[in-house]
Amino acid sequence: QQEPIYKARLVAHGYRQTLHVDYEQTFAQVATMKAFRVLLWVSSLLGLLCTQMDVSNAFLSADIDTEVYVLYPPGYPGNGYLKLNKCLYGLKQSPRLFYKTLVKTLLSAGLQPLVTDSCVFKFREGTRICFVLIFVDDIIIAANCEDLRKKVEKALSDRFKMKNLGELKHFVGIRVQQTAQGIKISQSEYIEKILEHFRMGAQQRRVVGMRGRQRGERIESLPGEVG
């Protein structure tokens, strides 16, 4: 039996931040589920292969746009305050600043955002085409050319610490199956987790008997119901 792995993360006390003092805006755009489904439809139609990448410690890679000071972490030698050069988890503006940093990286790689969704980017050169969808730190790359895919992967890896997850199989609780006949999506695993959470899994199923109705028998309706 393997020993458990313990992880720790230094976070900022974002609840102590003051608007217009150490942060301004906090909204961070994410791709909609409609955009995700449309991307899969286009990929199936054009024969694009969808792959997935993940940004490790995403917010730590974002450039900070204002002066923010934090107390020395517990157990760290010294006292007083530290000035942040990068974002930390816990800061109110971290999601937005990471999104802006990611967009800047994609723009420098030659991709342009769609007018209909600013979290979906497109690059087209002749018959070569590539789409990139971003959902916080989850990234989907759909392309019909491996050179384009490698170009996008390299641009992201040069700026962030990336994990290449290979062919797209799971995304925000949705299972994706890419076949020669098309792309199938389902949420069977999510449904099973919900059933298990409410103790309604297969092992809790019960057979309940009911009296059979005779042919021609009238069923009396309750008030307000249609018989």
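All values derive from a computational prediction rather than experimental measurement.
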Main-chain N/O of Lys184 paired to Arg175 side chain as donor or acceptor, under 3.5 Å: no

Non-hydrogen side-chain atoms of Cys119 and Leu133 separated by less than 4.5 Å: no

hydrophobic_cluster_shared for Met162 and Leu49, side chain cutoff 4.5 Å: no

Donor-acceptor contact present, side-chain Tyr23 to main-chain Gly14, <3.5 Å: no

pair Arg9-Asn57: side-chain heavy atoms closer than 4.5 Å: yes

Pair Val132-Cys130, side chain to side chain contact (heavy atoms under 4.5 Å, CB included): steps then yes or no: CA-CA 7 Å; Val132 176; Cys130 176; 4.2 Å; yes

Asp158/Lys154 salt bridge by N-O under 4.0 Å criterion: yes

Shortest non-hydrogen contact from Leu102 toward Leu156: CD1-CD2, 3.7 Å

Distance-only polar pair, side chains of Gln93 and Gln17, donor-acceptor under 3.5 Å: yes

Audit row: Ile129, Lys122, side chain to side chain contact (heavy atoms under 4.5 Å, CB included) steps and yes/no: CA-CA 7 Å; Ile129 189 170; Lys122 176 183 177 182; 4.0 Å; yes

Side-chain donor or acceptor of Asp22 paired with backbone N/O of Arg16 under 3.5 Å: no

Same apolar cluster (I L V M F W Y, side chains within < 4.5 Å links), Leu60/Tyr69: no

Residue Arg128 excluded, over 12 heavy atoms near CZ under 6.0 Å: yes

Stepwise side chain to side chain contact (heavy atoms under 4.5 Å, CB included) check, Gln112 with Leu107: CA-CA 6 Å; Gln112 294 296 324; Leu107 291 175; 4.0 Å; yes

Test log, rule side chain to side chain contact (heavy atoms under 4.5 Å, CB included), inputs Asp117 and Thr32: CA-CA 8 Å; Asp117 196 315; Thr32 62; 3.5 Å; yes

Residue pair Leu91 / Ile64, side-chain heavy-atom distance below 4.5 Å: yes

Within 45° cone of Phe27 ring axis and under 6.0 Å: Arg96 NZ or CZ: no

Approximate separation, where rounding is to 0.5 Å, of Gln25 CD and Lys100 NZ: 7.5 Å

Joint cluster assignment, Val11 & Leu97, ILVMFWY side-chain distance < 4.5 Å: yes

Ile174 side, atom CD1; Ser188 side, atom OG - distance, nearest 0.5 Å: 11.0 Å

Test item: Thr18 side-chain N/O and Val21 main-chain N/O as donor-acceptor pair under 3.5 Å: no

Check: Phe98 ring centroid to Phe160 ring centroid under 6.0 Å: yes

Approximate separation, where rounding is to 0.5 Å, of Leu48 CG and Ile183 CD1: 8.0 Å

Salt bridge Lys193-Glu196, side-chain N to carboxylate O under 4.0 Å: no

Lys161 and Val55, any side-chain heavy atoms less than 4.5 Å apart: no

Main-chain N/O of Thr101 paired to Thr105 side chain as donor or acceptor, under 3.5 Å: yes

Gap separating the CG atom of Leu168 from the CD1 atom of Ile139, nearest 0.5 angstrom: 13.0 Å

Neighbour count above 12 (heavy atom, 6.0 Å) for Tyr72 OH: yes

Asn144 side chain near Leu46 side chain, heavy-atom distance below 4.5 Å: no

Tyr15 and His13 aromatic ring geometry - parallel, tilted or perpendicular at 30°/60° bounds: parallel

Pro73 to Leu82 - nearest heavy-atom pair and separation: CD-CD1, 4.1 Å

Whether Arg149 side chain and Ala143 backbone form a donor-acceptor pair below 3.5 Å: yes

Atom pair CD (Glu125) and CG (Asp147), whose distance is rounded to the nearest 0.5 Å: 10.0 Å

Contact list for residues 100-145, test ring-ring contact (aromatic ring centres under 6.0 Å, His included), sequence neighbours left out: Phe135-Phe171

Within-4.5 Å side-chain heavy-atom neighbours: Glu153 and Asn164: yes

Joint cluster assignment, Leu40 & Leu114, ILVMFWY side-chain distance < 4.5 Å: yes

Check: Ser157 and Met53 side chains under 4.5 Å, non-hydrogen atoms: yes

Within one Ile-Leu-Val-Met-Phe-Trp-Tyr cluster: Ile185 and Trp41, side-chain cutoff 4.5 Å: yes

Phe59 side chain near Pro95 side chain, heavy-atom distance below 4.5 Å: yes

Whether Gln178 side chain and Cys50 backbone form a donor-acceptor pair below 3.5 Å: yes

Value rounded to 0.5 Å, distance of NE2 in His20 from OG1 in Thr66: 12.0 Å

